[in-house]
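Note that this is a predicted model, so its numbers are computed, not measured. Counting convention: from 1, in listed order, for ligands and their atoms alike.
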Amino acid sequence: MKNSIVHFIGAGPGDAELITVKGARLLGEADVVVYAGSLVDRELVRTHAPNARVWDSAAMTLEETTRVLADAYATGQRGVRLHTGDPAIYGAIQEQMAELDRLGIPYAVVPGVSSAFAAAATLKQELTLPEVTQTVILTRLAGRTPVPEREKLAEIARIGATMVIYLSVGMIDRVVAELLQGAYTPATPVAVVAKASWPDEEVIEGTLADIAAKVAAAGIAKQALIIVGDVLGARKHGLGAVSKLYDKGFSHGCREGSVA
Ligand SMILES: C[S@@+](CC[C@H](N)C(=O)[O-])C[C@H]1O[C@@H](n2cnc3c(N)ncnc32)[C@H](O)[C@@H]1O
């Protein structure tokens with residue numbers, strides 16, 4: 001009998017080549033795939049799992065997705081639960097893993113490229129820059145899923161770090177209003193990246209003063225990330241400081257510095 005452990009796999013942000021080698025291999029070996037059809041491209045599933053029976057979880061309940069994976073396990077088939085980006089970020093996998101624990105079904109998680117990093121790649125933008133910020137906050141506005149009071153955007157905006165805001169582009173007016181209550185100003189640069197890594201990806205750049213109007217004009221209401229912070233100014237206004245890592249006078253574990 002095959003080793004039928006269930007795998008939760010990060011499909012990456014969209015581009016079928018942005019899944020990990022391990023994720024692609026496991027999909028290729030899968031008999032049953034349950035994938036998040038609202039965000040994962042059906043074509044990606046077809047490419048990597050041509051022989052699997054495929055279920056779109058968009059219209060399924062937790063009980064139903066668990067049943068499909070449990071049945072696969074019970075019959076010695078290889079089951080994969082495929083999530084967009086990285087499954088650990090807004091993937092609702094904890095409850096699925098708890099169900100498998102309850103049923104005594106073994107599983108493993110294979111990480112993926114979260115859309116935050118695809119968006120940074122699209123922008124050709126490092127999210128951490130010396131003397132600007134060394135912190136990235138991944139967050140969202142409360143929607144139907146509540147956000148703890150202490151994590152209100154206006155609260156965490158007081159740090160002034162780079163923020164990557166998921167699941168919120170449809171509420172961009174509220175995002176801007178809350179960010180302006182923190183360390184950001186109307187001049188703080190913002191980028192909205194829709195469908196990062198897909199052929200029809202879109203980038204809107206502006207400031208907190210004008211981004212909401214630009215996003216409304218572009219008609220972007222979903223599947224987009226809002227990235228905000230002073231790091232975004234570096235491509236326009238240059239770098240204030242550079243990393244010491246490649247400085248010729250800077251020694252580290254892999255290189256002796258040569259101070260002239
Ligand atoms: C339910 S969350 C899943 C996030 C996913 N686990 C990840 O790591 O990217 C869905 C949200 O992720 C963001 N998202 C997912 N894929 C995206 C993409 N290719 N481009 C931009 N944003 C994306 C959007 O904010 C979307 O509303």
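Under the 3.5 Å distance criterion, with hydrogens and angles disregarded, a donor-acceptor pair is assigned to the side chains of His83 and Gln96.
Figure legend: cation-pi geometry between Arg81 and Tyr35 absent, as NZ or CZ is not positioned both under 6.0 Å from the six-membered ring centre and within 45° of its axis.
Residue, atom and distance of the protein heavy atom nearest to atom 6 (N) of ligand 1 are Ile89 O, 2.7 Å. Looking at atom 24 (C) of ligand 1, its nearest protein heavy atom turns out to be Ala224 O, 3.5 Å.
Close approach of ligand 1 to Val193 (heavy-atom distance below 4.0 Å) involves ligand atoms 21 (C). Close approach of ligand 1 to Gly85 (heavy-atom distance below 4.0 Å) involves ligand atoms 7 (C), 8 (O), 9 (O). Every atom of ligand 1 with a heavy atom of Ser114 under 4.0 Å away is listed here by number and element: 7 (C), 8 (O), 9 (O).
Surrounding CD of Glu95 are more than 12 heavy atoms belonging to other residues, nucleotides or ligands, all under 6.0 Å away.
Taking a 4.0 Å cut-off on heavy atoms, His83 fails to register as neighbouring ligand 1. The closest approach between a heavy atom of Lys222 and any atom of ligand 1 is not below 4.0 Å. Not a single heavy atom of Ala118 sits closer than 4.0 Å to an atom of ligand 1.
Under the 4.0 Å criterion applied to side-chain N and carboxylate O atoms, Arg78 and Glu29 are assigned as salt-bridge partners.
Looking at Pro13 next to ligand 1, an N or O pair under 3.5 Å apart turns up. The N/O atoms of Thr84, backbone and side chain alike, include one that comes under 3.5 Å of an N/O atom in ligand 1. In terms of N/O distances under 3.5 Å, ligand 1 is not approached by Tyr90.
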- Query: Would Arg235 and Glu126 count as a salt bridge (charged side-chain N to carboxylate O under 4.0 Å, His left out) if you check the C-alpha gap in whole Å, the side-chain angles of each, and the deciding distance to 0.1 Å?
  - Reply: CA-CA 10 Å; Arg235 279 169 295 130; Glu126 184 171 346; over 6 Å; no
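At a heavy-atom cutoff of 4.0 Å, ligand 1 is contacted by no atom of Glu201, backbone or side chain.
In terms of modelled atom types and a separation under 3.5 Å, the side chain of Asp86 and the main chain of Ser114 share no donor-acceptor contact.
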